[in-house]
Enquirer: 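One structure follows; several queries about it will come next.
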Amino acid sequence: MKRMGMFLSAAAMLIFTAASGASASTTRDSGMGLSGQAWMIDGLQSYIYENPSYLPQFKNSVFFERTEDDGYLNSGGFIWSPVNGLTVALFSGTRVESGIWNSTSDGTGLFYTGNYDPVTTYEITALDGSAVDFDNADSLEREGLDQQNFRLITAYDFGAAAVGLNFAYSSSWNGNDTVTDSNDSYLFSNAQYDVGLGGLYRISPVMDATLSVGSSFYVLDNSYELNSAAGNQKTSYKSDGAMDINVLAGYNLKIDSIQKLHVRAGYSYLNRSAAGSNLNTIIQENSSDTYARKGQRIKLGVSDELSPSDKVTVFAGIDSTITMFKNNYTPNDAITPDNNVNFYKSDLTSIELPVYIGMEIRPTDNFEARFGLSHVIYGNTSGDISGAVGGASYKYTVNSNSQSVTELSLGLSAIMYNIRLDWLVNVDLFTRGPDFMSGHSVNTNQNTDNDTPLAMSLAVSYSFDELLTGKSQK
């Protein structure tokens with residue numbers, strides 16, 4: 001994955017020739033704080049991951065990005081239009097939703113256990129001395145899942161309409177085999193498959209509608225197996241039908257020569273269920289745990305985009321999200337049924353209402369600057385949680401407001417012929433003082449010397465459209 005990103009970067013530099021125009025990048029989108037809200041204004045490249053029918057707008061380009069956000073991540077992509085109307089693309093290193101794979105505190109993630117005390121023991125010391133913990137995202141032997149291995153997108157623009165198909169694959173794994181007098185092996189395997197279909201219909205020169213439908217399949221397989229003269233052991237923690245289904249619809253209206261209105265609504269079915277088990281003939285254990293995690297998410301947003309001139313773009317928008325999610329964890333000890341007393345249930349509804357404002361200015365043909373400000377004006381989680389630990393039951397009601405979060409993104413771009421350089425930094429001027437020299441920001445709200453990484457990105461993009469078409473992009 002990293003080798004591909006480096007190859008794309010080298011290719012972009014090697015084929016530098018004098019031409020006009022350049023492609024954009026996700027780093028540019030993030031400079032306005034819109035990495036996850038690319039629908040709010042026209043022309044943001046990262047929107048193709050949500051609706052692949054927009055791919056032809058970025059045809060014949062190559063890009064490489066390097067992001068520093070608690071560790072360096074490389075990504076890149078190649079977009080090509082072999083014939084008029086058809087565009088194909090290959091990407092590598094695109095981020096996945098980290099909370100699903102890498103968090104024990106995200107209530108919708110594959111590793112969230114709440115207050116549940118499982119009947120199965122998932123912490124094991126392998127014969128090579130490795131301490132493995134299969135139901136813990138932070139297990140030392142586990143490799144997290146942060147990026148996609150690859151993403152393939154193809155789209156065709158018919159003129160009045162466009163359609164696009166998307167497929168992505170993400171994986172990470174770590175395992176070990178130990179051979180002594182006994183034989184054991186463990187495996188941490190994570191895989192995600194994403195498929196999607198997107199459409200764009202141009203109703204009139206000033207109005208269009210979009211629709212995208214997609215699914216994500218989560219395949220988690222953490223397992224341990226021991227074979228010895230004394231007996232056998234098989235322990236596992238795996239996904240159990242985990243998948244999401246997403247439907248998003250949009251409406252875009254050009255009100256006049258300077259103003260555009262964007263509206264987006266979406267619905268998602270969420271299933272992050274898992275199951276664990278342990279069959280041990282050495283000490284006679286046969287137990288399992290069921291982790292049902294299901295819910296739904298509703299999104300509704302609106303954005304107002306203003307372009308008083310071809311040098312300035314201003315936007316303001318709001319993107320509301322309602323998540324209704326249920327967790328239901330139950331044990332099953334086949335040998336000692338009296339142990340089946342623990343359980344955990346939660347039925348929570350979360351509402352988040354963030355607002356976004358930003359601006360991009362282009363004072364010259366070779367320079368751009370932008371900023372984005374986001375602020376959560378309302379966040380609330382409410383519902384009921386109940387369970388039992390060791391036979392002692394509990395039940396309580398949750399009604400908490402989340403802390404208001406304000407984020408500021410700053411970005412700069414330099415454009416030279418057909419090469420574009422984008423730079424991004426996310427800073428928190430309200431609670432932290434960023435140190436641009438070290439790339440770290442120190443938390444000044446707490447009596448601690450701990451610091452947190454300063455999120456920065458750098459992207460290089462190259463457009464070879466003029467080489468293929470012989471037409472200037474200006």
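These figures come from a predicted structure and were not determined experimentally. These values consider heavy atoms only, across backbone and side chains, with no hydrogens, waters or symmetry-generated copies. In what follows, residues are counted from 1 in the order of the sequence shown.
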Enquirer: Do Phe91 and Ile153 have side chains that approach each other closer than 4.5 Å (heavy atoms only, starting at C-beta)?
Expert: yes
Enquirer: Kindly compute the distance separating CG (Leu197) from CZ (Phe167), expressed to the nearest 0.5 Å.
Expert: 15.0 Å
Enquirer: I'd like to know if the side chain of Ser374 reaches the main chain of Tyr356, judged simply by a donor and an acceptor atom lying under 3.5 Å from each other, with no hydrogens or angles considered.
Expert: no
Enquirer: Ser172 side chain to Glu143 main-chain N or O, any donor-acceptor pair under 3.5 Å?
Expert: yes
Enquirer: Measure across Pro56 and Thr87 and return the closest heavy-atom pair with its distance rounded to 0.1 Å.
Expert: CA-OG1, 3.5 Å
Enquirer: Set out, in order, the CA-CA distance, both residues' side-chain angles and the distance that settles side-chain contact (heavy atoms from CB on, under 4.5 Å) for Tyr329 and Tyr112, then state yes or no.
Expert: CA-CA 11 Å; Tyr329 307 156; Tyr112 180 74; 3.5 Å; yes
Enquirer: With a 3.5 Å cut-off and no angle check, do the side chains of Asn227 and Asp184 form a donor-acceptor pair?
Expert: no
Enquirer: Taking the side chain from Ser103 and the backbone from Ser105, do they hold a donor-acceptor pair closer than 3.5 Å?
Expert: yes
Enquirer: Can we say Asp319 and Arg264 salt-bridge, meaning some charged N sits less than 4.0 Å from an Asp/Glu carboxylate O?
Expert: yes
Enquirer: Under 3.5 Å, is there a donor-acceptor pair between the side chain of Ser409 and the main chain of Gly31?
Expert: no
Enquirer: With distance as the sole test, does Ser239 use its side chain to make a donor-acceptor pair with the main-chain N or O of Leu220 at under 3.5 Å?
Expert: yes
Enquirer: Without hydrogens or angle criteria, can the side chains of Ser130 and Asp128 be said to hold a donor-acceptor pair below 3.5 Å?
Expert: yes
Enquirer: Does the side chain of Asp333 come under 3.5 Å of the side chain of Ser287 through a donor N or O and an acceptor N or O?
Expert: no
Enquirer: Taking only residues at least two apart or on different chains, which pairs with a member in residues 28-47 satisfy ring-ring contact (aromatic ring centres under 6.0 Å, His included)?
Expert: Tyr47-Tyr54
Enquirer: Between Asn149 and Ser171, is any side-chain donor less than 3.5 angstrom from a side-chain acceptor?
Expert: yes
Enquirer: Does Leu300 offer a backbone N or O that forms a donor-acceptor pair with the side chain of Ser320 under 3.5 Å?
Expert: yes
Enquirer: Is there a side-chain hydrogen bond (donor to acceptor under 3.5 Å, both in side chains) between Thr281 and Asn232? Walk through the geometry before answering.
Expert: CA-CA 5 Å; Thr281 62; Asn232 304 317; 4.7 Å; no
Enquirer: Using salt bridge (charged side-chain N to carboxylate O under 4.0 Å, His left out) as the criterion, list what pairs up with Arg370, not counting sequence neighbours.
Expert: Glu360, Glu368
Enquirer: Any chance you could lay out the side-chain contact (heavy atoms from CB on, under 4.5 Å) test for Asn278 and Thr121, step after step, and finish with the verdict?
Expert: CA-CA 7 Å; Asn278 179 40; Thr121 300; 5.5 Å; no
Enquirer: Set out, in order, the CA-CA distance, both residues' side-chain angles and the distance that settles side-chain contact (heavy atoms from CB on, under 4.5 Å) for Arg297 and Thr321, then state yes or no.
Expert: CA-CA 7 Å; Arg297 179 173 292 152; Thr321 302; 3.7 Å; yes
Enquirer: Compute whether any side-chain donor of one residue and acceptor of the other, for Asp289 and Tyr122, lie under 3.5 angstrom apart.
Expert: yes
Enquirer: With a 4.5 Å cut-off on side-chain heavy atoms, are Trp423 and Ser413 touching?
Expert: no
Enquirer: Under a 3.5 Å distance rule, please check whether Ser268 uses its side chain to pair with a backbone N or O of Gln296 as donor and acceptor.
Expert: no
Enquirer: Between Ser457 and Thr67, do the side chains contain a donor N or O and an acceptor N or O under 3.5 Å apart?
Expert: yes
Enquirer: Distance check, rounded to the nearest 0.5 Å: Tyr378 atom OH versus Ser402 atom OG?
Expert: 9.0 Å
Enquirer: Got a salt bridge between Arg420 and Asp422, using NZ or NE/NH1/NH2 to carboxylate O under 4.0 Å?
Expert: yes
Enquirer: Any chance you could measure Arg95, atom CZ, to Thr26, atom OG1, to the nearest 0.5 Å?
Expert: 10.5 Å
Enquirer: Taking the side chain as every heavy atom from C-beta outward, state whether Leu90 and Phe150 have any pair of such atoms under 4.5 Å apart.
Expert: yes
Enquirer: State the CG-CG distance between Asp138 and Asn102, to the nearest 0.5 angstrom.
Expert: 8.5 Å
Enquirer: In terms of side-chain heavy atoms, does Ser216 have a donor or acceptor partner in Asp194 at a distance below 3.5 Å?
Expert: yes
Enquirer: Indicate yes or no for a side-chain donor-acceptor contact from Arg272 to the backbone of Thr108 under 3.5 Å, with no hydrogens or angles considered.
Expert: yes
Enquirer: Just by modelled atom types, is the Asn74 backbone N or O under 3.5 Å from a matching donor or acceptor in the Gln147 side chain?
Expert: yes
Enquirer: Looking at every heavy atom in both Arg28 and Gly43, which two are closest together, and how far apart are they?
Expert: NH1-O, 3.2 Å
Enquirer: Charged N to carboxylate O under 4.0 angstrom, Lys234 versus Glu285?
Expert: no
Enquirer: Within a strict 4.5 Å, meaning less than it, do heavy atoms of the Leu44 and Ile41 side chains meet?
Expert: yes
Enquirer: Quick one: does Tyr218's side chain get under 4.5 Å of Tyr193's, heavy atoms only?
Expert: no
Enquirer: Less than 6.0 angstrom separating the ring centers of Phe78 and Phe63, yes or no?
Expert: no
Enquirer: How about Tyr269 and Lys294: do any of their side-chain heavy atoms sit closer than 4.5 Å?
Expert: yes
Enquirer: If every non-hydrogen atom of Leu55 is compared with every non-hydrogen atom of Ile79, which pair is closest and at what distance?
Expert: CD1-CG2, 3.8 Å
Enquirer: Can you see whether Glu225 engages Ser185 through a side-chain donor-acceptor pair at a distance of less than 3.5 angstrom?
Expert: no
Enquirer: Side chains of Val132 and Glu123: does their closest heavy-atom pair fall under 4.5 Å?
Expert: no
Enquirer: Which is it for Tyr237 and Tyr291 under the ring-ring contact (aromatic ring centres under 6.0 Å, His included) test, yes or no, and what are the steps along the way?
Expert: CA-CA 10 Å; Tyr237 180 80; Tyr291 299 85; 5.5 Å; yes
Enquirer: Looking at every non-hydrogen atom in both residues, tell me the closest pair between Ser228 and Ile282 and how far apart they are.
Expert: OG-CD1, 3.9 Å
Enquirer: Please give me the minimum heavy-atom distance between Ala274 and Arg293, naming the atom from each residue.
Expert: CB-NH1, 3.6 Å
Enquirer: Kindly compute the distance separating CG (Asn280) from CG (Leu226), expressed to the nearest 0.5 Å.
Expert: 7.5 Å
Enquirer: Is there a side-chain contact (heavy atoms from CB on, under 4.5 Å) between Tyr224 and Gln233? Walk through the geometry before answering.
Expert: CA-CA 8 Å; Tyr224 174 80; Gln233 178 182 354; 4.0 Å; yes
Enquirer: Strictly below 4.0 Å, N to O, side chains only: are Asp133 and Arg142 in salt-bridge contact?
Expert: no
Enquirer: Tell me which donor-acceptor pairs under 3.5 Å the side chains of residues 345-355 have, and how far apart each pair is, sequence neighbours excluded?
Expert:
{"residue": "Ser346", "atom": "OG", "partner": "Asn327", "partner atom": "ND2", "Å": "3.1"}
{"residue": "Ser350", "atom": "OG", "partner": "Thr381", "partner atom": "OG1", "Å": "3.2"}

Enquirer: Kindly indicate whether the side chain of Trp173, heavy atoms from C-beta on, has any atom under 4.5 Å from the side chain of Asp221.
Expert: no
Enquirer: Taking all heavy atoms of Leu145 and all of Asn190, pick out the closest pair and write down the distance.
Expert: CD2-CB, 4.1 Å
Enquirer: Is the count of non-hydrogen atoms from other residues, nucleotides or ligands lying under 6.0 Å from Lys299 atom NZ greater than 12?
Expert: yes
Enquirer: Any sub-3.5 Å donor-acceptor pair from Asn380's side-chain atoms to Ser400's backbone N or O?
Expert: yes
Enquirer: More than 12 foreign heavy atoms under 6.0 Å from CD1 of Ile377: is that the case here?
Expert: yes
Enquirer: To the nearest 0.5 Å, what is the distance between CG on Leu279 and OG1 on Thr120?
Expert: 10.5 Å
